[in-house]
Amino acid sequence: MATDSWALAVDEQEAAAESLSNLHLKEEKIKPDANGAVVKPSANAEKTDEEEKEDRAAQSLLNKLIRSNLVDNTNQVEVLQRDPNSPLYSVKSFEELRLKPQLLQGVYAMGFNRPSKIQENALPLMLAEPPQNLIAQSQSGTGKTAAFVLAMLSQVEPANKYPQCLCLSPTYELALQTGKVIEQMGKFYPALKLAYAVRGNKLERGQKISEQIVIGTPGTVLDWCSKLKFIDPKKIKVFVLDEADVMIATQGHQDQSIRIQRMLPRNCQMLLFSATFEDSVWKFAQKVVPDPNVIKLKREEETLDTIKQYYVLCSSRDEKFQALCNLYGAITIAQAMIFCHTRKTASWLAAELSKEGHQVALLSGEMMVEQRAAVIERFREGKEKVLVTTNVCARGIDVEQVSVVINFDLPVDKDGNPDNETYLHRIGRTGRFGKRGLAVNMVDSKHSMNILNRIQEHFNKKIERLDTDDLDEIEKIAN
DNA sequence: AAAAAAT
């Protein structure tokens, strides 16, 4: 894929990051000590025996907490076709799909050998002639992104220098992440270009863009299609809604998403993907998508089997903070995300943690986009171990080393009711692609205990108490 | 309440 200025900037950042991390590896080279035991010199150089002991305790705590069943791949896929008479089939290999050679090359270059469960069923429908509309629900980390990127890339005509595929994401960070997948998978199309319709990406007025694929957030995309006329929506062939439930929910980005959708041509293919669809949203989805095919991965609660869930009982925000500090040694063994309800709490918590001498990163919607891009990049590279954030990072953000999610505030909607979908998405940031994960919920009142109990009932999955003052009890619970 | 816009 030809790189535009934005993509080039990303490439340069990556190259710089790579050389930095190589340097880091050299410094950290593991070598045996005098007794033949292998230690990481830089990790223990300035630590006292006491601190080392704490480190070991934290490591063993983490290992016990996240020990869990391996992924059970027995999830069943349910497929409802818009034409029940046409043959139902799934593919077991990418070759069967007869993709263009450049696309197949891109698929293999990304390390995909065979389709995932959702891809087996979704790809034949999406690539059928004529193109089919699809509403698909499957858990976090099952390959939804690759599925719809493949659909866009197989429909696109690189020779036509105007936007033909449009993908909407709920946040800036997710748009960047998905854009990277599009760039990687499409890199063997020499003439293909991708445009990012996100905040801060300002273009010169008065001309159309030539990129064949556009990824973006709703507000900017709407502007590009209507007021600024950078995009001719009538020429869009494939329209993708990622995290579709929040994109069409009244509480979410419904207005803008639907306004964009109405500008598209009648025969435009519509693809809706999400891990969750609350009942009312599911009904609305089937109303706005003409003749949809529907794919559901049964037993959504299976997701939770690879994630150990706990709660910590406190009586105030300050106590939650203390409990979090007690846990800190354990959570920083790998990477962790800490979710707060408001931007204000997030920035307060990040400040308090750094006052305690902990290195943390902060990410919320009140920050400038340049800053947000830099923070998420540092977190991805592992330069930041702990990310304090809001619901901006609840969905889709995929950082492999994240093994701990902490709900400093439980997810609630605007009426103060438990937000089960957001809960599932948040803790789904860990335990991705079959890895194990740990979720810790901080409770600070009768009210939030009630919220937690309702979440527990909704998923019918025990959330156990964790006492961060008592290491013995932690061990006991972990066993 | 958060996110999302060149308003």
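Throughout, a chain's letter reflects where its sequence line sits, starting with A, and its residues are numbered from 1.
Regarding A:Met368, its CE atom lies at a distance of 12 Å from the P atom of B:dA6, rounded to whole Å. The CD-C1' distance, from A:Gln256 to B:dA6, rounds to 13 Å in whole Å. Rounded to an integer number of Å, the gap from A:Phe408 CZ to B:dA2 P is 15 Å. Between the CD atom of A:Glu366 and the P atom of B:dA4 there is a distance of 12 Å, rounded to whole Å. As a whole-Å value, the separation of A:Ile376 CD1 from B:dA3 P is 13 Å. Taking atom CD1 of A:Ile258 as the reference point, atom P of B:dA4 lies 19 Å away to the nearest angstrom. Whole-Å rounding puts the A:Trp224 CH2 to B:dA4 P distance at 16 Å. To the nearest angstrom, C1' of B:dA3 lies 13 Å from CD1 of A:Ile397.
Cation-pi contact between A:Lys287 and A:Trp282: absent, since separation from the ring centre below 6.0 Å together with deviation from the ring axis within 45° is not met. The cationic group of A:Arg317 lies under 6.0 Å from the six-membered ring centre of A:Trp348 and within 45° of the ring axis, placing it in a cation-pi geometry. Judged by the 6.0 Å and 45° rule, A:Lys235 forms a cation-pi pair with A:Tyr162.
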For A:Asn391 and A:Arg426, what are the C-alpha separation, side-chain angles and deciding distance, and is it a side-chain hydrogen bond (donor to acceptor under 3.5 Å, both in side chains)? CA-CA 8 Å; A:Asn391 276 342; A:Arg426 277 187 185 181; 3.0 Å; yes

Trace of the side-chain hydrogen bond (donor to acceptor under 3.5 Å, both in side chains) decision for A:Asn441 with A:Tyr423: CA-CA 10 Å; A:Asn441 296 288; A:Tyr423 183 82; 3.1 Å; yes

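Less than 4.0 Å separates DNA chain B from at least one heavy atom of each of the following residues of residues 240-251 of chain A: A:Gln251. The stretch residues 338-347 of chain A touches DNA chain B through A:His341, A:Thr342, A:Arg343, each having a heavy atom under 4.0 angstrom from the strand.
Between A:Asp409 and A:Lys320, at least one side-chain nitrogen of the basic residue sits less than 4.0 Å from a carboxylate oxygen of the acidic one, meeting the salt-bridge criterion. Using a 4.0 Å cut-off between charged nitrogen and carboxylate oxygen, A:Asp245 and A:Arg395 count as a salt-bridge pair. Between A:Glu377 and A:Lys180, at least one side-chain nitrogen of the basic residue sits less than 4.0 Å from a carboxylate oxygen of the acidic one, meeting the salt-bridge criterion.
Taking side-chain N and O atoms only, A:Thr217 has no distance below 4.0 Å to OP1 or OP2 of B:dA3. Contact annotation: A:Arg199 reaches the phosphate of B:dA4 (side-chain N/O to OP1 or OP2, under 4.0 Å). Of the side-chain N and O atoms in A:Arg372, one or more sit less than 4.0 angstrom from OP1 or OP2 of B:dA4.
Between A:Val238 and A:Gln164 the shortest side-chain heavy-atom distance does not fall below 4.5 Å.
Within 4.0 Å (heavy atoms only), A:Leu222 reaches no atom of the nucleic acid at all.
Listed nucleotides: B:dA1, B:dA3, B:dA6. Nearest to the side chain of A:Lys414: B:dA1.
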